[in-house]
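All remarks here apply to the structure that follows.
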Number of protein chains: 2
Amino acid sequence: MDARTKILETAARLFATHGYDSTSLSVVARDASVSKALIFWHFENKESLYEAVLSRTIEPYHIDMDELAGLGAADRISRMVDFYYDFINENAHSVRFFLSLFLREDKRPDDFFARVLELYRHYRELLAITLRAGQNEGTLSADVDPDLHAALILSTLNGVLVQGFTGERDVASPERLIRELKSSLVDRLRIQ
Amino acid sequence: MDARTKILETAARLFATHGYDSTSLSVVARDASVSKALIFWHFENKESLYEAVLSRTIEPYHIDMDELAGLGAADRISRMVDFYYDFINENAHSVRFFLSLFLREDKRPDDFFARVLELYRHYRELLAITLRAGQNEGTLSADVDPDLHAALILSTLNGVLVQGFTGERDVASPERLIRELKSSLVDRLRIQ
DNA sequence: GTCTATATACAGATAGAC
DNA sequence: GTCTATCTGTATATAGAC
């Protein structure tokens with residue numbers, strides 16, 4: 001691996017765990033086994049390095065809802081819930097990082113946040129569209145507002161993932177919570 | 001207001017918005033209109049100031065579930081949901097701050113986190129107890145696990161508050177989400 | 001209790017050799 | 001591309017006058 005990549009990976013790990021200000025370039029250099037000066041040769045300054053790290057981090061984020069064809073609306077939603085949960089698990093470190101950035105008022109590079117929010121909205125719209133389709137087909141109960149209920153499902157998913165991040169899992173594992181979510185917020189809408 | 005209190009309040013605001021490392025004592029001193037040296041006279045060092053701030057922040061946190069007597073189980077749960085939501089709104093700044101601390105791996109003073117987690121568990125237990133009581137009375141459906149369902153309600157509440165923090169409220173306001181939460185996760189359990 | 005002045009360490013960033 | 005040596009600013013923290 002070349003030095004530039006080594007720097008990026010090391011910085012990504014440190015930024016994500018300690019934050020921007022608490023991560024000194026001296027430590028990045030030491031952990032990446034390069035000199036501080038080399039960081040400034042590859043990146044204009046600390047902020048540029050940070051942006052390069054965010055850019056790399058967000059790169060694999062995408063929504064790809066294939067293999068949903070042929071399923072009923074409720075099953076499609078159920079799969080979408082699993083998709084979201086798997087995505088969070090696969091990207092746990094960076095998702096946690098982005099969430100912590102959202103909660104801080106400073107150091108929020110708007111470009112990246114816009115992209116994350118866009119993916120988020122897109123996913124919510126897919127949920128809402130699927131709910132509405134199920135209602136129109138007559139396979140899902142019509143007594144919920146599709147947009148509102150989609151937002152609730154997403155909020156619950158976020159709550160479950162936050163729960164996972166805080167390490168509070170004595171009562172209910174994330175997996176059990178996801179099953180209960182599906183049971184209470186998806187399966188109850190099914191019309192036989 | 002005495003200087004010590006002024007320092008504590010200024011530091012609380014700055015720590016909460018910018019975090020520990022990004023908050024310099026020079027800025028705290030300037031915003032509190034005191035000298036840097038005075039901070040060190042009142043507090044041993046920056047970390048002590050931080051702990052004093054956390055201690056003050058957490059002080060008003062408590063769970064006080066009065067005026068629930070006489071209500072049926074479902075209404076009690078509904079009130080508890082409102083209680084949680086109101087609590088978050090009243091303490092939005094500090095709750096947001098604590099949540100962001102939970103997501104970082106460093107600077108987690110364990111004493112305070114233990115206290116916050118204890119309140120959290122206590123609230124969840126109150127929910128679970130009330131659910132179980134309703135099932136035993138026959139006013140709530142018995143086809144959910146009380147502990148698991150209580151955890152799900154709490155996860156959803158947390159998701160709604162995170163949603164509020166991220167500023168994503170175009171589709172659904174927190175208030176509408178809370179109403180949908182009650183409708184889907186509480187009212188559906190009612191047995192007439 | 002509160003201040004000014006200062007010590008000390010380390011941050012981000014640059015110069016210049018190789 | 002990569003290094004060592006160094007500059008400059010600012011951070012935490014202390015000394016000592018009032």
Side-chain angles (χ1 to χ4, degrees), chain A residues 1-57 97 100-101 103-112, chain B residues 1-57 97 100-101 103-112:
Chain A
M1 178 167 36
D2 63 334
R4 192 190 141 92
T5 310
K6 190 76 186 295
I7 292 166
L8 279 169
E9 290 194 356
T10 307
R13 180 173 50 79
L14 292 171
F15 282 142
T17 49
H18 308 303
Y20 180 80
D21 288 287
S22 308
T23 300
S24 79
L25 297 183
S26 310
V27 173
V28 173
R30 198 195 57 208
D31 283 20
S33 308
V34 299
S35 68
K36 242 195 316 185
L38 190 62
I39 297 178
F40 286 96
W41 191 87
H42 283 291
F43 306 92
E44 197 186 336
N45 50 32
K46 189 181 180 183
E47 198 131 339
S48 297
L49 170 61
Y50 186 61
E51 284 177 18
V53 164
L54 290 185
S55 193
R56 252 176 68 100
T57 300
F97 176 42
S100 82
L101 282 186
L103 297 175
R104 287 283 162 83
E105 285 176 14
D106 53 350
K107 283 285 163 232
R108 302 217 283 191
D110 288 338
D111 307 350
F112 302 104
Chain B
M1 180 166 34
D2 62 334
R4 192 191 140 93
T5 310
K6 190 77 186 294
I7 293 167
L8 279 169
E9 290 193 356
T10 306
R13 179 173 49 80
L14 293 171
F15 281 143
T17 49
H18 308 302
Y20 180 81
D21 288 286
S22 308
T23 301
S24 80
L25 297 185
S26 310
V27 173
V28 173
R30 197 194 58 209
D31 283 19
S33 308
V34 298
S35 69
K36 250 196 304 189
L38 189 63
I39 297 178
F40 287 96
W41 191 87
H42 283 291
F43 306 93
E44 198 187 335
N45 50 33
K46 188 182 180 182
E47 198 132 338
S48 297
L49 170 62
Y50 186 62
E51 285 178 18
V53 164
L54 290 184
S55 192
R56 252 175 70 99
T57 301
F97 176 43
S100 82
L101 283 184
L103 297 174
R104 289 283 161 82
E105 282 175 15
D106 54 350
K107 284 282 162 237
R108 302 217 283 191
D110 288 337
D111 307 350
F112 302 103

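These figures come from a predicted structure and were not determined experimentally. Here is the naming used below: chain letters follow the sequence lines, and residue numbers restart at 1 for every chain.
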When the nearest nucleotide of DNA chain C is assigned to Glu44(A) and to Val27(A) on a heavy-atom basis, which residue is associated with the more 5' position?
-> Val27(A)

Taking heavy atoms of chain B and a 4.0 Å limit, find me the 5'-most and 3'-most nucleotide of DNA chain D within that range.
-> dA11(D) to dA15(D)

Between Val28(B) and Val34(B), is any pair of side-chain heavy atoms under 4.5 Å apart?
-> no

For the residue pair Lys46(A) and Thr23(A), what are the closest heavy atoms and their distance?
-> NZ-O, 2.9 Å

What closest approach, in Å, do Leu25(A) and Lys36(A) show between heavy atoms, and which atom pair accounts for it?
-> O-CG, 3.8 Å

Heavy-atom closest contact (Arg4(B) atom, Phe43(B) atom, distance) = NH1-CE2, 3.6 Å

Rounded to the nearest angstrom, tell me the gap between atom CG in Leu14(A) and atom C1' in dA11(C).
-> 15 Å

Centroid-centroid under 6.0 Å between Tyr50(B) and Phe15(B) rings | yes

How close or far is atom P of dA11(C) from atom CG of Leu49(A), stated in whole angstroms?
-> 15 Å

For Ile39(B) and dT4(C), give me the distance from atom CD1 to atom P, rounded to whole Å.
-> 13 Å

Sugar-phosphate, base or nothing in reach of Ser35(A), heavy atoms under 4.0 Å = base

Have a look at Leu25(A) and say if it touches a base, only the backbone sugar-phosphate, or nothing, with a 4.0 Å heavy-atom cut-off.
-> sugar-phosphate

How long is the line joining CG of Asp21(B) and P of dG12(C), in whole Å?
-> 11 Å

Taking all non-hydrogen atoms of both residues into account, name the closest pair between Arg13(A) and Asp31(A) and its distance.
-> NH2-OD2, 3.5 Å

Assert: residue with more 5' nearest nucleotide on DNA chain C, out of Ala37(A) and His42(B), is His42(B)

Interatomic distance where CG belongs to Leu38(B) and P belongs to dA5(C) [whole Å] = 17 Å

